[in-house]
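To start, the structure under review is shown below, and the notes come after it.
Convention: sequence-line order gives letters A, B, ...; per-chain numbering from 1.
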Protein chains: 4
Amino acid sequence: MAERRRGAARSESARIAVLETTAALFAERGYDHLTIEGIAAEAGVAKQTIYRWWKSKSELVAECLFEGRLLPVDLVPPDSGDIRNDLTTWLDALFRFTDAPENGGLVRSLVIVAAENESVGRQLDASLGVSTLLTTRLGAATKAGDLPAGTPLKEVVDTLIGAVLVHVLQRTPAAPGAAKRLVSLLLP
Amino acid sequence: MAERRRGAARSESARIAVLETTAALFAERGYDHLTIEGIAAEAGVAKQTIYRWWKSKSELVAECLFEGRLLPVDLVPPDSGDIRNDLTTWLDALFRFTDAPENGGLVRSLVIVAAENESVGRQLDASLGVSTLLTTRLGAATKAGDLPAGTPLKEVVDTLIGAVLVHVLQRTPAAPGAAKRLVSLLLP
Amino acid sequence: MAERRRGAARSESARIAVLETTAALFAERGYDHLTIEGIAAEAGVAKQTIYRWWKSKSELVAECLFEGRLLPVDLVPPDSGDIRNDLTTWLDALFRFTDAPENGGLVRSLVIVAAENESVGRQLDASLGVSTLLTTRLGAATKAGDLPAGTPLKEVVDTLIGAVLVHVLQRTPAAPGAAKRLVSLLLP
Amino acid sequence: MAERRRGAARSESARIAVLETTAALFAERGYDHLTIEGIAAEAGVAKQTIYRWWKSKSELVAECLFEGRLLPVDLVPPDSGDIRNDLTTWLDALFRFTDAPENGGLVRSLVIVAAENESVGRQLDASLGVSTLLTTRLGAATKAGDLPAGTPLKEVVDTLIGAVLVHVLQRTPAAPGAAKRLVSLLLP
DNA sequence: ACTTAAGCGAGACGGTACGTCCCGTCTTAAG
DNA sequence: CTTAAGACGGGACGTACCGTCTCGCTTAAGT
């Protein structure tokens with residue numbers, strides 16, 4: 001059994017307050033106007049409490065992201081049995097989310113975090129909800145004959161995410177039908 | 001004739017010194033360790049001279065980028081006559097450039113700038129050298145029958161750029177043959 | 001005849017504009033919030049025009065002072081024949097002027113100028129209107145027997161000025177009758 | 001009992017370092033070449049530490065003055081029993097101090113501070129060492145018959161201080177015997 | 001129960017950089 | 001040769017946060 005060291009245990013309420021405040025301020029002001037000092041003040045927490053448990057601002061945001069506190073939408077791809085349809089639906093939802101003006105800044109901030117924080121970068125796909133899809137559905141679809149053997153699904157998904165990011169960075173709304181067109185091309 | 005307003009003209013030497021220093025420090029230390037104060041000191045220029053002509057750090061970097069001072073490689077796609085080959089060559093060069101460890105950070109910094117600065121975001125493709133390709137070769141290739149009419153080449157190129165960005169953010173080197181495979185899929 | 005050197009003559013209108021603006025801003029904002037740049041802008045004059053003709057801010061203010069543009073009151077002592085009465089009247093006017101809240105700051109600013117600028121310091125008494133009194137009336141009064149021979153009138157006047165300065169610096173209004181009392185003591 | 005608020009206590013060593021440095025730089029360079037930045041650097045202290053505890057440069061100097069760090073001489077008037085003698089001695093010391101060329105600038109700087117900072121102005125007399133004299137010796141001397149009842153000693157002292165200030169501002173050394181002459185006149 | 005170690009809110013501290021103001025000098029075009 | 005305009009290198013301003021530290025208090029395990 002794990003030896004609990006002496007002293008007061010970590011305060012869960014402080015942890016929650018910090019993460020909630022971080023998520024709120026991130027959405028409100030963007031990553032680069034986020035300050036540890038501001039979070040501490042707003043969360044009613046001492047700065048030291050933040051520094052004790054998180055190494056950096058980006059790690060703090062990463063934890064928010066991985067706990068699903070940053071992206072308000074449900075980005076898990078559906079499972080209709082038809083993987084092309086599912087991907088299209090998911091990609092389309094992603095396009096529509098990022099094209100909403102109030103979300104563009106949030107996603108761009110997220111891109112900054114991914115660029116600054118390695119673990120956020122590495123888990124970009126998980127953050128956008130396609131991990132299960134990759135690990136569980138690929139085999140099934142291949143076995144069912146939906147996809148030819150050797151389909152680089154990971155590569156396909158990354159490319160779709162890339163398309164979304166480019167639209168976000170270019171501040172250009174996705175063309176109608178773009179989701180379907182892209183999926184059709186990548187999974188012929 | 002243009003009326004030159006009175007007073008001393010803008011110092012071109014100061015402008016050059018600032019841009020060169022910015023590019024050097026950007027490559028050396030990354031965007032977020034870049035400071036106006038540091039640039040001014042290193043360039044032998046007063047801070048006010050920077051603030052007089054550039055609104056923000058990102059605008060400064062943007063100007064460097066658009067003047068070709070940031071990306072050392074020659075990213076202009078070749079013109080062999082075969083647009084698929086040309087795209088593959090260009091994309092492969094891009095992959096190889098970003099996969100080099102000393103360049104990954106630079107490109108991630110560039111992504112941050114694109115996220116912070118609208119004009120950099122909007123001109124992502126130009127920055128990566130594919131503007132001409134889009135504006136001049138698309139028509140020619142279509143006329144020659146290389147591409148079916150209605151090929152959304154802009155969309156294709158954006159998707160390729162997106163694939164590069166995702167690899168950069170995920171810190172994953174591109175798989176061998178990825179460039180060729182992607183181009184083949186997107187321009188069947 | 002004086003050799004006029006070639007080229008444009010000094011612009012009298014610029015000189016006037018500068019001095020008027022200086023006096024206005026000095027009274028309005030105090031000496032330490034006075035800036036050459038602000039004067040130039042407000043006077044519609046180039047900074048260089050100021051620097052060409054005045055060595056420093058304090059010299060500029062000095063010129064205002066010596067031209068009587070700073071102190072709005074008429075501080076010249078009267079000449080009733082009775083030197084004690086005249087001094088009392090003058091000192092009383094000085095006390096009343098400096099005790100007015102809107103003038104206190106102005107006089108304190110003037111003290112600062114006197115402390116910074118040697119020529120203003122040296123001509124403190126002239127600025128406060130007692131030069132003639134010292135140079136012309138002393139002899140007359142002595143001859144008339146109003147003052148005993150050897151009366152150190154310069155010393156007396158300086159002491160009176162000193163009393164005023166101390167009240168100004170202490171932000172204490174002068175006691176009623178202080179002028180008369182002081183003059184009586186110093187010129188028994 | 002005094003409620004000590006939480007958080008680290010104010011650092012006394014930082015406070016001392018700041019005041020000592022301020023006094024040193026003030027004496028060395030004068031009030032207007034004194035900069036917060038320079039003090040902070042020289043004292044090995046962060047600028048914010050200064051701004052946290054002092055509102056302005058003049059307040060900083062004021063604290064130095066009230067702690068006796070600015071004026072190196074012992075300006076306390078003696079107590080020989082004869083108040084006229086004591087005043088003369090004190091005034092003479094003051095004249096001699098201010099007439100020394102290395103001290104003139106210091107005292108003129110002090111005048112500037114008195115003009116800028118209300119509390120320094122109000123406590124001019126205390127700063128120059130005559131507070132006790134006023135509060136304790138006046139009554140005693142009056143009782144002993146040394147001074148006629150109703151002697152406005154405060155006014156007398158202010159006038160003496162004023163005489164000193166005028167000499168300082170005029171850059172004129174005091175005439176020999178001036179101290180004795182003035183005291184004799186003011187306290188006949 | 002007492003000690004001891006850790007967590008916590010608060011906040012002072014040495015620093016770095018910010019963006020602004022103003023300095024005094026220099027450059028340009030007009031008169 | 002003066003002037004208005006204004007760019008320039010420089011220095012200081014006062015502010016915002018950084019990440020570390022110290023304080024007095026609370027909490028909980030070990031003795």
Side-chain angles (χ1 to χ4, degrees), chain A residues 3-11 13-15 33-41 43-53 55-57, chain B residues 3-15 33-41 43-53 55-57, chain C residues 4-11 13-14 33-41 43-53 55-57, chain D residues 3-11 13-15 17 33-41 43-53 55-57:
Chain A
E3 281 293 324
R4 272 275 286 107
R5 68 205 183 300
R6 282 187 292 179
R10 175 174 184 181
S11 158
S13 68
R15 185 183 152 269
H33 294 109
L34 198 63
T35 66
I36 300 277
E37 214 149 81
I39 294 167
V45 141
K47 268 202 293 180
Q48 191 56 51
T49 300
I50 297 184
Y51 284 110
R52 191 177 294 120
W53 303 109
K55 278 180 201 156
S56 65
K57 198 172 71 163
Chain B
E3 281 292 323
R4 267 274 291 109
R5 73 201 183 303
R6 284 189 289 181
R10 174 171 184 183
S11 158
E12 182 66 8
S13 69
R15 185 182 152 270
H33 294 108
L34 198 64
T35 66
I36 300 277
E37 209 145 87
I39 295 167
V45 141
K47 266 203 290 181
Q48 192 54 52
T49 298
I50 298 185
Y51 284 110
R52 190 177 296 122
W53 302 109
K55 277 178 199 155
S56 64
K57 202 173 67 164
Chain C
R4 272 270 290 104
R5 67 200 185 298
R6 281 179 299 170
R10 173 172 186 184
S11 157
S13 69
H33 295 109
L34 199 62
T35 66
I36 301 277
E37 214 149 79
I39 294 168
V45 141
K47 268 201 294 179
Q48 191 56 49
T49 300
I50 299 184
Y51 284 110
R52 202 186 330 275
W53 302 110
K55 276 180 201 156
S56 65
K57 198 172 69 164
Chain D
E3 281 292 323
R4 269 270 294 105
R5 72 197 183 305
R6 285 186 289 179
R10 174 172 184 182
S11 158
S13 67
R15 186 183 151 270
H33 294 109
L34 198 62
T35 66
I36 301 276
E37 208 145 90
I39 295 168
V45 142
K47 263 203 291 182
Q48 193 54 52
T49 298
I50 298 184
Y51 285 110
R52 190 177 296 120
W53 302 110
K55 277 178 200 155
S56 64
K57 203 171 68 164

Give the nucleotide from the list F/dG10, F/dG30, E/dG9 with an atom nearest to the side chain of B/A46.
F/dG10
Distance-minimising heavy-atom pair for C/I50 and C/I39:
CD1-CG2, 3.9 Å
Heavy-atom pair with the smallest gap, counting every atom of D/A43 and D/A17
CB-O, 3.7 Å
From the options F/dT15, E/dA29, E/dC8, select the nucleotide whose nearest atom is closest to the side chain of B/R6.
E/dA29
D/Y51, nearest nucleotide to its side chain (from F/dT15, F/dG9, E/dC23):
F/dT15
N or O in side chain of B/T49 less than 4.0 angstrom from F/dG9 OP1/OP2
yes
Distance check needed: E/dC18 P versus D/K47 NZ, whole Å only.
13 Å
Using a heavy-atom cut-off of 4.0 Å across all strands, would you classify A/G38 as base, sugar-phosphate, or nothing?
nothing
To the nearest angstrom, the CZ-C1' distance between D/R10 and F/dC21 comes to 18 Å
Can you check whether D/W53 has a side-chain N or O nearer than 4.0 Å to OP1 or OP2 of E/dG11?
no
Can you tell me if the side-chain N/O atoms of B/T35 get under 4.0 Å from OP1 or OP2 in E/dT16?
no
Could you give the CD1-to-C1' distance, from D/I50 to F/dA12, as a whole number of Å?
13 Å
Minimum-distance pair of heavy atoms, taken over all atoms of B/S11 and B/A14
OG-N, 3.0 Å
Taking the side chain of B/A8 as heavy atoms from C-beta outward, which of F/dC18, F/dG6, F/dC8 is closest to it?
F/dG6
Comparing D/E37 with C/Q48, nearest DNA chain E nucleotide closer to 5' gives the residue D/E37
Which nucleotide, E/dC23, F/dC8, E/dG7, lies nearest any side-chain atom of A/R52?
E/dG7
Expressed in angstrom and rounded to an integer, what is the separation of B/E12 atom CD from F/dC8 atom P?
10 Å
Between CZ of D/R10 and CH2 of D/W53, what distance do you get to the nearest 0.5 Å?
5.5 Å
